[in-house]
There are 4 protein chains.
Amino acid sequence: MNEQQWIKELLKVNGEDVKLSEKQIKILEAAIEIFAEKGYASTSTSEIAKRAGVAEGTIFRHYKTKKDLLLAIVNPTLIKSVAPFLAKEFVKEVFENEYQHFEDFIRVLLKNRYDFVKKYLPAIRVFWQEIAFLPEIKEQLQFIFTKHVYEKFKKIIEHFQKKGEIVMIPPESAIRMIITTIIGFFITRFIVLPHHNWDDETEKAEIERTIQFLMHGLLKK
Amino acid sequence: MNEQQWIKELLKVNGEDVKLSEKQIKILEAAIEIFAEKGYASTSTSEIAKRAGVAEGTIFRHYKTKKDLLLAIVNPTLIKSVAPFLAKEFVKEVFENEYQHFEDFIRVLLKNRYDFVKKYLPAIRVFWQEIAFLPEIKEQLQFIFTKHVYEKFKKIIEHFQKKGEIVMIPPESAIRMIITTIIGFFITRFIVLPHHNWDDETEKAEIERTIQFLMHGLLKK
Amino acid sequence: MNEQQWIKELLKVNGEDVKLSEKQIKILEAAIEIFAEKGYASTSTSEIAKRAGVAEGTIFRHYKTKKDLLLAIVNPTLIKSVAPFLAKEFVKEVFENEYQHFEDFIRVLLKNRYDFVKKYLPAIRVFWQEIAFLPEIKEQLQFIFTKHVYEKFKKIIEHFQKKGEIVMIPPESAIRMIITTIIGFFITRFIVLPHHNWDDETEKAEIERTIQFLMHGLLKK
Amino acid sequence: MNEQQWIKELLKVNGEDVKLSEKQIKILEAAIEIFAEKGYASTSTSEIAKRAGVAEGTIFRHYKTKKDLLLAIVNPTLIKSVAPFLAKEFVKEVFENEYQHFEDFIRVLLKNRYDFVKKYLPAIRVFWQEIAFLPEIKEQLQFIFTKHVYEKFKKIIEHFQKKGEIVMIPPESAIRMIITTIIGFFITRFIVLPHHNWDDETEKAEIERTIQFLMHGLLKK
DNA sequence: CATGAATGAGGTTTCATTCAT
DNA sequence: TATGAATGAAACCTCATTCAT
């Protein structure tokens with residue numbers, strides 16, 4: 001039951017708990033696991049039912065279709081993926097006190113998203129594997145990105161460009177490099193080489209290197 | 001017929017033409033298209049046959065199973081993806097004359113892989129979408145990467161570290177950052193924002209910025 | 001509640017009220033409605049429960065199976081359909097005083113069955129739609145028809161044939177023509193053209209024409 | 001094979017043969033049989049496949065859905081049901097030479113529709129059982145009836161009313177009585193009492209009585 | 001070589017019915 | 001008594017693969 005805690009938290013909307021029966025959690029858990037392993041289209045509902053320990057009909061009592069089950073995983077993951085940028089006070093916090101230097105901001109952002117990825121990894125795998133085939137979700141992601149993430153990110157970039165901390169390139173280029181570098185690290189860390197010897201030391205060092213790479217790459221010369 | 005030229009080239013082994021009947025090319029073309037759109041598992045052989053303008057049976061005359069058809073796309077793409085590193089003379093060329101500075105190397109590498117991605121984009125999409133569910137191919141990729149790409153890349157990195165051009169971090173970290181940055185650019189360019197206004201000017205500028213980002217990120221300070 | 005009165009009356013046995021809980025009536029009401037619309041086999045118990053505003057389990061508390069629910073509608077409808085002929089005094093009434101002429105009998109019969117059809121239309125629809133697939137009920141109907149309706153009807157026909165009012169054809173033929181003509185009118189009136197402009201005037205006229213048609217059709221020439 | 005001839009004829013469009021594979025005919029044959037017995041909704045495709053001696057998948061190769069299979073039966077039956085009235089020369093034939101008296105017309109009509117019902121009885125059963133649940137077909141029937149049958153029938157009625165052969169009632173009433181009487185006979189003959197002793201003699205006599213009933217019922221007094 | 005009808009295993013989904021609350 | 005979550009059998013339908021032509 002304890003291991004399923006993360007699923008409940010993933011599904012939380014606006015910090016409010018969503019009611020999930022025991023069986024519903026087992027279904028989600030099984031679905032995320034198998035979707036991540038073999039992909040949505042190659043996973044049969046009977047397999048999900050078996051792994052979840054419920055009757056196949058029970059899945060359809062909770063999720064009208066197999067696709068609805070996928071969306072029940074993918075939608076919250078989308079929201080939580082860009083969560084920091086959805087907070088109203090986010091930009092203000094960056095400017096007002098908390099982040100004297102651009103590096104502070106990057107460091108906190110990376111740490112925060114790192115924790116997120118580590119916690120929800122299986123759901124995130126499903127999300128990125130399936131998004132290519134979910135045009136509605138892709139559009140929603142684009143919308144949220146453009147409206148919330150990009151706008152706020154841009155302000156922050158411009159702020160530190162004016163402060164003379166980072167190089168004068170188009171903000172969208174800087175944003176791309178930051179995101180690319182961070183996600184690149186996560187993919188290496190969790191997908192490509194998850195079994196590599198990632199002890200605390202090694203990991204901290206690699207994170208530090210990644211931050212230094214980013215900082216120097218963007219530094220005002 | 002001319003448009004199908006790239007498929008013939010993708011399938012070339014060691015520079016030798018592979019014999020492909022008219023129908024076979026049409027099948028590959030259709031399969032790549034639809035696999036890229038909807039994913040391998042969600043594509044039916046009847047749909048491929050229809051788009052290719054052949055009978056369903058004809059597909060199975062050329063490829064014993066549906067999976068064989070996928071592998072006929074994925075395997076050559078794997079080889080071509082890491083092709084530069086497979087050439088015997090590659091490292092020698094880097095050291096001996098051609099690349100005086102690390103930047104030259106990066107610049108040529110990026111240009112070369114850019115041309116590759118642009119030419120074979122649909123097949124590459126299929127490759128990256130499906131590799132997660134193809135353990136044999138994944139292993140093969142890891143094997144080739146470790147044996148050919150990583151080894152040679154490492155030598156090059158160490159060479160320029162010794163020359164004092166790039167920072168003294170573990171070569172695998174440097175390699176990761178380079179690959180991550182390059183692939184990140186390609187994904188943005190061809191997958192995330194393919195419809196963005198990528199005229200020659202814009203593109204050159206963004207490529208230049210990416211190279212500068214990489215160079216400064218890795219420069220010896 | 002008032003609208004459900006007709007259901008209570010339909011279910012009355014020998015003039016005695018049957019005990020029906022509030023929920024039971026709602027279930028019957030919903031079932032009749034939906035069975036009439038889409039047919040028994042295409043109606044799900046969950047849909048009935050929803051329309052009745054009760055839980056699915058509640059249906060099965062009152063009716064052991066879905067078929068029992070159908071029979072609870074169909075059986076009383078069967079009895080009420082042939083009710084006049086089941087009354088013991090029926091033939092006597094026809095002979096002794098009330099109906100001097102055959103036309104009087106027909107007129108009263110038609111009026112009486114017209115009121116019946118108008119009152120119980122939805123249940124009657126269900127009855128006629130499903131009887132083809134309910135062999136037990138079909139047999140029961142045949143039994144009742146042969147034993148009660150046909151026997152009594154025959155006596156009446158022969159009575160008026162002897163009186164010289166109607167043509168000397170086999171009574172079963174006459175009975176068929178009468179029933180066919182009456183039911184034909186009802187089907188036109190209530191099923192085929194229910195939305196036709198059936199004001200009192202039009203309706204009375206059409207009924208009169210139907211009676212005249214029947215009378216002249218059967219008249220002794 | 002010979003017994004299936006009638007199915008091919010039922011499906012003929014404008015007198016042209018429709019191509020039907022051996023298996024397709026077996027499927028239609030089985031479907032009509034079982035639909036007639038238990039109704040469309042209570043019939044499973046697996047049962048049809050079994051009775052037809054084909055794999056279940058074969059049904060869906062020929063008919064995209066179970067409903068399409070139903071429509072492949074119901075649509076031709078609709079057309080053939082009103083076929084005589086769809087012939088262009090029909091009204092002309094009635095007026096010009098062939099039918100001196102209204103009785104001749106009725107006699108030919110009844111004979112013609114009798115042959116039709118006898119030949120296609122199972123398909124007709126399916127048609128009338130299911131039409132209540134097929135709004136599109138119901139509308140089409142109404143359209144064809146209004147546009148072709150009713151219009152032509154009306155002209156004929158008015159013609160014989162002017163000739164003084166039949167009573168001056170609204171044509172639609174006369175049409176209703178004729179159709180009702182004829183269909184009523186068919187239902188008795190083929191559905192209600194199909195096992196009654198219908199030897200040639202009996203049948204001819206009953207047909208004659210039905211015609212006399214109709215004629216006297218509508219005769220100008 | 002190419003075809004496409006046929007197959008049947010297996011996929012998703014529905015639904016009457018049960019039963020713990 | 002009423003509920004509604006859970007069941008699992010069976011429904012409709014898809015699809016990779018085979019094979020006679």
Side-chain angles (χ1 to χ4, degrees), chain A residues 21-24 26-27 41-50 52-69, chain B residues 21-24 26-27 40-50 52-70, chain C residues 21-24 26-27 40-50 52-70, chain D residues 21-24 26-27 41-50 52-69:
Chain A
S21 74
E22 192 62 18
K23 305 233 168 206
Q24 216 166 343
K26 277 191 193 153
I27 290 168
S42 305
T43 301
S44 73
T45 50
S46 89
E47 201 180 349
I48 297 170
K50 219 171 284 165
V54 304
E56 215 174 336
T58 307
I59 293 175
F60 290 93
R61 173 158 279 281
H62 290 288
Y63 304 95
K64 263 215 296 272
T65 65
K66 188 187 166 196
K67 191 165 181 197
D68 276 4
L69 172 57
Chain B
S21 76
E22 193 61 19
K23 305 233 169 204
Q24 218 167 341
K26 275 190 192 153
I27 290 167
Y40 167 77
S42 305
T43 301
S44 71
T45 50
S46 90
E47 201 180 349
I48 297 169
K50 214 173 287 163
V54 304
E56 244 187 298
T58 308
I59 293 176
F60 290 90
R61 196 150 278 287
H62 291 288
Y63 304 95
K64 244 194 348 234
T65 66
K66 188 188 168 196
K67 192 165 179 196
D68 278 2
L69 173 56
L70 175 61
Chain C
S21 75
E22 191 63 18
K23 304 232 168 204
Q24 217 166 342
K26 275 191 192 152
I27 290 168
Y40 167 76
S42 304
T43 301
S44 72
T45 49
S46 90
E47 199 179 350
I48 297 170
K50 215 173 286 165
V54 304
E56 245 187 297
T58 307
I59 293 175
F60 290 91
R61 194 149 279 288
H62 291 288
Y63 304 94
K64 245 197 342 241
T65 66
K66 187 188 166 194
K67 192 166 181 195
D68 279 1
L69 173 57
L70 174 62
Chain D
S21 74
E22 191 63 16
K23 305 237 166 200
Q24 215 166 343
K26 276 190 194 153
I27 290 168
S42 304
T43 301
S44 74
T45 50
S46 90
E47 199 179 350
I48 296 170
K50 220 170 284 165
V54 303
E56 213 175 339
T58 306
I59 293 175
F60 291 94
R61 172 158 279 281
H62 291 289
Y63 305 95
K64 261 215 297 272
T65 65
K66 188 187 167 195
K67 190 165 181 197
D68 276 4
L69 173 57

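Excluded from the calculations below are hydrogen atoms, water molecules and symmetry mates; all remaining heavy atoms, backbone and side chain alike, are included. Residue numbers begin at 1 in each chain, while the letters A, B, ... track the order of the sequences.
The distance between atom OH of Tyr63(D) and atom P of dC13(F), rounded to the nearest whole Å, is 15 Å. Taking atom NZ of residue Lys50(C) and atom P of nucleotide dA5(F), one finds them 12 Å apart after rounding to whole Å. Remark: C1' of dC1(E) and CD1 of Ile27(B) are 12 Å apart, rounded to the nearest angstrom. Atom NZ of Lys66(D) is separated from atom P of dA10(F) by 16 Å (rounded to the nearest Å). Atom pair Lys64(B):NZ and dT18(F):P shows a separation of 10 Å (rounding to whole Å applied). Glu22(C) has its CD atom 12 Å from the P atom of dT3(F), to the nearest Å. The distance from atom CZ of Phe60(A) to atom C1' of dA11(F) is 13 Å, rounded to the nearest whole Å. Rounding to whole angstrom units, CD1 of residue Ile59(A) and P of dC15(E) are separated by 18 Å.
Under the 4.5 Å side-chain criterion, counting only non-hydrogen atoms from C-beta, Ser21(C) is not in contact with Lys26(C).
Remark: DNA chain F takes part in the stems E:2-21 with F:2-21, each of 3 or more antiparallel Watson-Crick or G-U pairs, criterion distances under 3.5 Å.
Judged as a salt bridge (Lys or Arg N to Asp or Glu O under 4.0 Å), and not counting sequence neighbours, Lys64(A) has no contacts. Annotation: side chain to side chain contact (heavy atoms under 4.5 Å, CB included) contacts of Tyr63(C) (sequence neighbours excluded): Gln24(C), Ile27(C), Leu28(C), Asp68(C), Leu69(C), Ala72(C). Legend: residues meeting salt bridge (Lys or Arg N to Asp or Glu O under 4.0 Å) with Lys50(C), ordered by chain and number and at least two apart, are absent. Checked against side chain to side chain contact (heavy atoms under 4.5 Å, CB included), Glu56(C) has the following partners two or more places apart in sequence or in another chain: Arg61(A), Thr45(C), Ser46(C), Ala49(C).
The side chain of Thr45(C) sits closest to dA16(E) out of dT13(E), dA16(F), dA16(E).
For Ala41(B) and Ser46(D), each mapped to the nucleotide of DNA chain F holding its nearest heavy atom, the one lying further toward the 5' end belongs to Ser46(D). Projected onto DNA chain E by closest heavy-atom contact, Ser44(A) and Tyr40(C) fall at different nucleotides, the more 5' of which corresponds to Ser44(A).
With a 6.0 Å cutoff to the six-membered ring centre and a 45° limit on the axis angle, Lys66(C) does not count as a cation-pi contact of Phe60(C).
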Under 3.5 Å, which protein N or O atoms sit close to an N or O of nucleotides 2-4 of chain E? Give each pair with its distance.
from   : atom 1 : to       : atom 2 : distance (Å)
dA2(E) : OP2    : His62(B) : NE2    : 3.2
dA2(E) : N7     : Arg61(B) : NE     : 3.1
dT3(E) : OP1    : Lys23(B) : NZ     : 3.2
dT3(E) : OP2    : Ala55(B) : N      : 3.2
dT3(E) : OP2    : Thr58(B) : OG1    : 2.5
dG4(E) : N7     : Gly57(B) : N      : 3.2

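Between the OG1 atom in Thr43(C) and the CG atom in Leu70(C) there is a gap of 10.0 Å [rounded to 0.5 Å].
Contacts of Thr43(A) with the nucleic acid, taken as non-hydrogen atoms under 4.0 Å apart, involve only primed sugar atoms and P, OP1 or OP2.
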